Q: 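Got a structure for you, written out below as structure tokens; questions coming shortly.
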Amino acid sequence: MIPLQVVLLVLMGIVGTTVVLARDPLRQAIVNSVYGLVAVLLFVVFQAPDVALSELVVGTVAMPLVLLVAILKVRRKGGR
Amino acid sequence: MSYLPFAIAGWLFFVGLYGVVTSRNYIHLTVCLTVMQSSTYVVLLAIGYRNGATAPIFAGISRSTKTVDPVVQALTLTDIVVSVVVVALLLSLTMDMFTRAKTVDPDEVRELSG
Amino acid sequence: MGVALLLRDTRDRKSERPYDRVDNDAVQLLGILMVPVTVLLGLWLAAYGYITPGGGFQGGVVLAAGLVLLWAAGRYRAYRAASPMELVELAEGVGAGGYVVVGLAALVSGAPFLHNLLGPGDFGTLLSGGSIPLLNWAAAIEVAAANVLLFHEFFEEYVLSLRSRR
């Protein structure tokens with residue numbers, strides 16, 4: 001266990017908590033992408049480049065797109 | 001082997017579970033579910049990790065070099081793919097429910113109507 | 001596929017033109033420049049997936065992202081033209097079917113399912129994997145098509161909600 005791994009693991013715990021505590025879905029989507037970035041760094045430090053790449057691809061392309069479309073759709077016809 | 005990854009994974013799991021249980025918005029709930037699922041990535045990678053080992057890419061290294069376990073990495077990869085599919089499916093269900101029930105709050109959906 | 005089935009019934013009247021103009025020149029230029037780069041990166045990830053980090057899944061998603069960039073930077077209509085849905089659905093079937101066919105080919109020849117029929121080649125080269133490259137490309141096609149299909153369904157939903165608001 002090298003220090004960088006410890007730091008990133010703790011950071012992952014903190015950012016994961018922040019993702020859950022962000023109640024507004026739009027803010028949560030942003031925090032969630034930070035969480036994805038931390039996860040990518042953690043995977044790299046854990047010597048898993050394959051996993052890091054797929055998390056990177058998923059975190060930058062698939063998740064935000066799908067999330068943002070859902071958020072926008074819900075907001076359009078909703079209260080605002 | 002340190003216990004820290006498992007502690008963090010447990011923390012992430014329960015934080016995600018807390019989010020799922022207390023969520024007032026299905027989109028928020030879905031993201032909390034991915035946080036829950038991400039705890040499994042940490043567990044799997046921590047199981048496969050060995051101190052001082054390199055990544056499991058075998059081109060250009062000698063046979064005796066220590067590498068981390070590639071099998072759990074393949075499992076983690078599958079896990080990530082599954083999590084995307086779960087998110088897509090849940091969000092499409094959410095959007096469908098919004099067009100029908102006009103709400104994304106789990107508590108306001110009183111009844112199921114076909 | 002489940003997503004496609006779920007979202008399909010809500011949009012029967014989709015033939016109207018969606019609102020799709022991008023007025024910002026910088027966004028447009030950068031986006032158009034990034035499209036070939038992204039597609040190339042996706043192809044590279046898929047092609048070298050079994051030698052370097054990467055693979056069918058990652059390459060497939062990046063390929064789909066190239067198409068999405070086309071929409072983000074250009075016009076939704078260009079995106080629609082570049083991804084005819086019948087063809088994409090066909091490609092998804094071909095990808096999934098190809099994987100099974102490679103597996104069954106091994107079964108037919110008397111080996112276990114997905115047994116590597118072609119055998120290993122030179123270590124570290126593109127042809128070193130035997131039938132693994134075939135499986136890899138099948139997965140890449142499948143994932144790219146499935147992602148395009150997924151994004152398409154979500155975008156249609158979004159465009160529909162835009163229209164009903166105006």
Side-chain angles (χ1 to χ4, degrees), chain A residues 1-2 5-29 31-33 35-36 38-39 42-59 61-63 65-79, chain B residues 1-2 4-5 7-9 11-12 15-20 22-28 30-32 34-36 38-39 41-42 44-46 48-57 67-68 70 72-74 76-77 79-81 83-84 87-88 90-92 94-95 98-99 102-104:
Chain A
M1 200 58 47
I2 60 173
Q5 283 172 340
V6 176
V7 170
L8 280 171
L9 275 170
V10 173
L11 201 61
M12 185 119 172
I14 294 170
V15 181
T17 315
T18 322
V19 172
V20 170
L21 294 182
R23 289 284 163 183
D24 178 29
L26 192 57
R27 281 155 203 259
Q28 194 190 27
V31 182
N32 191 40
S33 54
Y35 183 63
V38 174
L42 184 79
F43 296 158
V44 169
V45 176
F46 267 101
Q47 301 288 351
D50 234 350
V51 183
L53 253 176
S54 61
E55 172 70 32
L56 188 67
V57 161
V58 161
V61 181
M63 283 280 282
L65 266 175
V66 170
L67 265 177
L68 286 181
V69 170
I71 291 167
L72 278 174
K73 180 176 167 66
V74 167
R75 280 208 169 172
R76 288 287 173 190
K77 276 187 279 185
Chain B
M1 194 71 234
S2 159
L4 181 67
I8 294 291
W11 170 252
L12 283 176
V15 160
L17 190 63
Y18 166 77
V20 168
T22 61
S23 184
R24 315 228 56 79
N25 184 327
Y26 273 120
I27 297 174
H28 178 263
T30 308
V31 179
C32 288
T34 65
V35 172
M36 238 170 115
S38 69
S39 70
Y41 311 159
V42 178
L44 285 172
L45 288 182
Y49 183 73
R50 293 158 73 197
N51 274 325
T54 66
I57 302 164
T67 62
V68 298
V72 285
Q73 296 198 359
T76 317
L77 223 154
D79 205 349
I80 291 175
V81 176
S83 103
V84 179
V87 167
L90 283 178
L91 285 182
S92 63
T94 304
M95 279 151 68
F98 181 74
T99 50
K102 298 283 174 240
T103 177
V104 284

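Note that the structure is predicted; figures quoted are calculated from it, not measured.
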Q: So what's closer than 4.5 Å to chain B heavy atoms on A:V6: side chain, backbone, both or neither?
A: both
Q: How far apart are the closest heavy atoms of B:F98 and A:V74, and which atoms are they?
A: CZ-O, 3.2 Å
Q: Return the minimal non-hydrogen interatomic distance between A:M12 and B:V42, and the atom names on each side.
A: CE-CG2, 3.9 Å
Q: Can you tell me which portion of B:V35 sits under 4.5 Å from chain A's heavy atoms? Options are side chain, backbone, both or neither.
A: both
Q: Do we see a donor-acceptor contact under 3.5 Å between the side chains of B:Y49 and A:Q5?
A: yes
Q: Atom CG in A:L9, atom OG in B:S2: separation rounded to 0.5 Å?
A: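 With rounding to 0.5 Å, CG (A:L9) is 8.0 Å from OG (B:S2).
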Q: What closest approach, in Å, do B:A88 and A:V66 show between heavy atoms, and which atom pair accounts for it?
A: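 The pair with the smallest heavy-atom distance is CA-CG1, 4.2 Å.
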Q: Quick one: CD1 on A:I71 to CG on B:N25, what's the gap to the nearest 0.5 Å?
A: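 So the gap between those two atoms works out to 8.5 Å.
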Q: Drop me the distance from A:Q28's CD to B:I27's CD1, to the nearest 0.5 angstrom.
A: 9.0 Å
Q: Locate the shortest heavy-atom distance separating B:P5 from A:F46; write the atom from each residue and the value.
A: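 Answer, listing the atom of B:P5 first, then A:F46: CG-CZ, 4.5 Å.
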Q: Which pair of heavy atoms, one from B:L45 and one from A:A48, lies closest together, and at what distance?
A: CD2-CB, 3.9 Å
Q: Relative to chain B, which of A:P49, A:A62, A:G13, A:A39 shows the most heavy atom pairs under 4.5 Å?
A: A:G13
Q: Quick one: of A:M63, A:E55, A:R23, who has the most non-hydrogen atom pairs under 4.5 Å with chain B?
A: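 Heavy-atom pair counts peak at A:R23.
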Q: Can a side-chain donor-acceptor contact be found between A:Y35 and B:T34 if the only test is distance below 3.5 angstrom?
A: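 Note: B:T34 and A:Y35 side chains miss the donor-acceptor criterion.
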Q: Would you mind checking which part of B:L12 comes under 4.5 Å of any heavy atom in chain A, side chain (CB onward), backbone (N, CA, C, O), both or neither?
A: side chain
Q: Considering all heavy atoms of both residues, which atom of B:H28 and which atom of A:V20 are nearest to each other, and what is their separation?
A: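 Where B:H28 meets A:V20 most closely, the heavy atoms are NE2-O, 2.9 Å.
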Q: Who among A:A29, A:A70, A:G16 has the most heavy-atom pairs with chain B under 4.5 Å?
A: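 Most heavy-atom pairs within the cutoff with chain B belong to A:A70.
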Q: Where on B:I8 is there a heavy atom nearer than 4.5 Å to chain A: the side chain, the backbone, both, or neither?
A: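 The side chain, not the backbone.
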Q: Sort A:L67 into side chain, backbone, both or neither according to what part of it lies under 4.5 angstrom from a heavy atom of chain B.
A: both
Q: Heavy atoms, side chains only, cut-off 4.5 Å: are A:I14 and B:W11 in contact?
A: no
